Amino acid sequence: MNTVALSQIIQNKSNPEDLPHVPVMEEEVLRLLAEIRPRSVADGTCGAGGHAHTLLENVSSIERYFCIDWDKNALSIARKRLNSHKNRVEFVHSNFRHIPQLIPAYGISKLDAILLDLGLSTMHLTSSGRGFSFTKDEPLDMRMDDSEPTTALDLINNLSEAQLAALIREYGEEKWAKKIAGVVKDYCEHTSIPTSKGLAEAIKRAIPRRFHPKRIHPATRTFQALRIALNRELDNLKVALHDFPNILNEGGRFLVISFHSLEDRLVKHSFKNDPRMRPITKRPLRPTSQEITVNPKARSAKLRCAERISAEEVNNV
Ligand SMILES: C[S@@+](CC[C@H](N)C(=O)[O-])C[C@H]1O[C@@H](n2cnc3c(N)ncnc32)[C@H](O)[C@@H]1O
């Protein structure tokens, strides 16, 4: 299927203004999945169901579609959105790392495709009330799954300043990590009700103006680091990359959209070196400039895809 034909066939293509979250690289995801005519698909990061909607509308071969998300609010939005496809869809509140353990309960041991679209959804920033956004006075929570016991504030309080600096440096790739860690500890210790906006302002004040990044808020990397660490996002991805090839049928595809260089590095390395998988995208696919104009949040997305090879081929490697 070529790209021109593809954009013509997308039914009910998402209109960004109507959506709680605009799905990224929809056409590329659709092309990579439609060409294998999958019957069973697990969408490990279903979110508001944007990719799910596109795939269910356009890929008639799909018989079972698993919508998995660890955020209950996202799942309830997806449930409404996908109502017209409910006979083919299962909604599961879970961390995607558990997909291999949860699909047997639905009478399935292997899948034709798995999609991960990592990170935050727009709803987390705009309406979760959980401190992902630094433009609002929200509690420092940052749990993607609010049934987990530990919040970002607990994490900050439980770490030493040096541990916090290491975390901000590693997951945020932040040059000012040491200074910021001191400011974060100080803010949380001396503020009666610490909030996301208050913390972001304290970080902003701590970095000399001439060193403020041009396109992002000075607190962006710190918030990203806290979120990644608290929700063990890299660990979840590592488990998925290790375990999912075992639950893919031969020719089955694994697609990952990442927004962070640490995530993309893990995916690239795994797809290149895993003897069970053959990379389909030699280099990551990137959103078109047209897509970035409509949805600037897509700008850092990278999409990689690999295909499960046969057991025979694995043995011959
Ligand atoms: C970028 S959004 C996905 C958007 C979705 N593809 C769409 O088109 O609406 C990422 C989603 O993944 C979820 N998520 C992130 N890590 C997860 C994990 N380990 N297990 C389950 N859900 C996860 C988040 O809660 C969020 O809803």
Side-chain angles (χ1 to χ4, degrees), residues 10 12-16 18-30 32-33 41-58 65-82 85 89-103 113-130 132 141-148 171 224 227-244 255-260 262-263 266-267 287 291 295 297-303:
I10 294 194
N12 300 332
K13 191 164 166 15
S14 314
N15 176 1
D18 300 340
L19 297 179
H21 173 91
V22 183
V24 166
M25 302 186 77
E26 239 180 333
E27 292 192 16
E28 292 81 355
V29 169
L30 176 57
L32 286 163
L33 291 185
V41 179
D43 182 340
T45 51
C46 166
H51 287 113
H53 184 257
T54 301
L55 291 167
L56 286 158
E57 288 280 316
N58 293 285
Y65 195 101
F66 292 90
C67 280
I68 296 141
D69 206 288
W70 59 7
D71 184 323
K72 289 189 214 88
N73 299 330
L75 274 185
S76 65
I77 293 173
R79 197 183 285 276
K80 284 195 197 112
R81 181 134 185 236
L82 301 173
H85 298 285
V89 185
E90 307 285 354
F91 294 93
V92 190
H93 175 232
S94 172
N95 188 320
F96 61 64
R97 65 193 280 158
H98 303 309
I99 291 176
Q101 292 77 43
L102 64 88
I103 53 170
I114 305 178
L115 170 65
L116 297 181
D117 171 18
L118 300 169
L120 279 181
S121 76
T122 307
M123 295 102 71
H124 282 125
L125 292 167
T126 55
S127 56
S128 73
R130 277 181 258 152
F132 293 108
D141 183 321
M142 294 197 196
R143 288 169 299 167
M144 298 264 225
D145 178 352
D146 60 11
S147 48
E148 288 290 320
Y171 297 139
Q224 173 185 282
R227 194 202 82 214
I228 289 177
L230 180 71
N231 295 289
R232 296 186 293 278
E233 294 179 33
L234 297 180
D235 187 40
N236 293 326
L237 178 59
K238 283 183 199 160
V239 171
L241 291 166
H242 181 268
D243 291 355
F244 289 2
L255 275 68
V256 185
I257 302 174
S258 62
F259 295 83
H260 190 294
L262 294 175
E263 289 168 344
L266 288 174
V267 180
E291 176 171 359
N295 180 18
K297 291 196 179 78
R299 66 179 179 270
S300 51
K302 290 185 177 166
L303 166 59

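Note that the structure is predicted; figures quoted are calculated from it, not measured. In listed order, ligands and their atoms are each counted from 1.
- Checking only distances, Ala48 does come within under 3.5 Å of ligand 1, N or O to N or O.
- In summary, the atoms of ligand 1 found under 4.0 Å from a heavy atom of Leu120, numbered by their order in the structure, are 1 (C), 2 (S).
- With hydrogens and angles ignored, the 3.5 Å screen pairs a side-chain donor or acceptor of His260 with a backbone N or O of Tyr171.
- Contact annotation for Asn236 and ligand 1: only side-chain heavy atoms (C-beta onward) come within less than 4.0 Å of the ligand.
- Interface atoms of ligand 1 facing Gly49, defined by a heavy-atom separation under 4.0 Å, are 9 (O).
- Polar contact with ligand 1: absent for Asp71 (N/O pair, distance under 3.5 Å).
- Among the atoms of Asp43, none of the N or O lies under 3.5 angstrom from an N or O of ligand 1.
- For atom 19 (N) of ligand 1, the closest non-hydrogen atom on the protein side is Asn95 OD1, 2.9 Å.
- Distances from ligand 1 to the non-hydrogen atoms of Ile68 include no value under 4.0 Å.
- Considering Ala240, Gly119, Ser121, Ala78 only, the shortest heavy-atom separation from atom 10 (C) of ligand 1 involves Gly119.
- Arg143 places a side-chain N or O within 3.5 Å of a backbone atom of Glu148 that can act as its donor or acceptor partner.
- Checked by distance only, ligand 1 and Leu118 stay at 3.5 Å or farther apart across all their nitrogen or oxygen atoms.
- At least one donor-acceptor pair closer than 3.5 Å links the side chain of Asp69 to the backbone N or O of Gly47.
- No side-chain heavy atom of Val41 sits less than 4.5 Å from a side-chain heavy atom of Ile114.
- In terms of modelled atom types and a separation under 3.5 Å, the side chain of Asn231 and the main chain of Met142 share a donor-acceptor contact.
- Closest to atom 9 (O) of ligand 1, if we only count protein heavy atoms, is Gly50 N, 3.1 Å.
- Every atom of ligand 1 is numbered from 1 in the order shown, and the set under 4.0 Å from a heavy atom of Gly47 is 27 (O).
- Between Ile77 and Ala48 the shortest heavy-atom distance is CG2-CB, 4.1 Å.
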Evaluation steps, side-chain hydrogen bond (donor to acceptor under 3.5 Å, both in side chains), between His124 and Asp71
CA-CA 9 Å; His124 282 125; Asp71 184 323; 2.7 Å; yes

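- Contact analysis puts His51 in contact with ligand 1, with a non-hydrogen atom separation below 4.0 angstrom.
- Only the side chain of His124 comes within 4.0 Å of ligand 1, counting heavy atoms alone; its backbone N, CA, C and O stay farther away.
- Close contacts between ligand 1 and Thr45 involve ligand atoms 3 (C), 4 (C), 5 (C), 6 (N), 11 (C), 12 (O), 14 (N), 23 (C) [criterion: under 4.0 Å to a heavy atom].
- Closest to atom 20 (N) of ligand 1 among all protein heavy atoms lies Phe96 N, 2.8 Å.
- Side-chain contact between Leu116 and Val267 is absent, with no heavy atoms from C-beta onward closer than 4.5 Å.
- The nearest heavy-atom contact from the protein to atom 14 (N) of ligand 1 is Trp70 NE1, 3.3 Å.
- Contact atoms of ligand 1 toward Gly44: 21 (C), 22 (N) (distance under 4.0 Å to a heavy atom of the residue).
- Atoms CD1 and CZ, on Ile68 and Phe96 in that order, are 10.0 Å from each other to the nearest 0.5 Å.
- Glu291 and Val24 make their closest contact through OE2-CA, 3.4 Å (heavy atoms, listed as atom of the first residue, atom of the second, distance).
- For Leu115, no heavy-atom contact with ligand 1 is shorter than 4.0 Å.
- Residue-ligand proximity, Pro23 to ligand 1, at heavy-atom distances under 4.0 Å covers atoms 8 (O).
- Using a 4.0 Å heavy-atom cutoff, Ser94 is listed among the residues neighbouring ligand 1.
- Listed here is the closest heavy atom pair of Gly49 and Leu82: O-CD2, 4.0 Å.
- Between the side chain of Arg227 and the backbone N or O of Phe132, no donor-acceptor pair lies under 3.5 Å.
- The proximity of Cys46 to ligand 1, defined as any non-hydrogen pair under 4.0 Å, is limited to the backbone.
- Taking all atoms of both residues into account, the shortest heavy-atom contact from Tyr65 to Ala52 is OH-CA, 3.2 Å.
- Distances below 4.0 Å separate heavy atoms of Asp117 from the following atoms of ligand 1: 1 (C), 2 (S), 3 (C), 4 (C), 5 (C), 6 (N), 10 (C).
- The nearest pair of heavy atoms linking Phe244 to Pro100 is CE1-CD, 3.7 Å.
- Of all non-hydrogen atoms in Asn95 and Asn236, the two that sit nearest each other are ND2-OD1, 3.2 Å.
- Under 4.0 Å from ligand 1, not a single heavy atom of Ala52 appears.
- Polar contact check, Asp69 against ligand 1: a nitrogen or oxygen pair lies under 3.5 Å apart.
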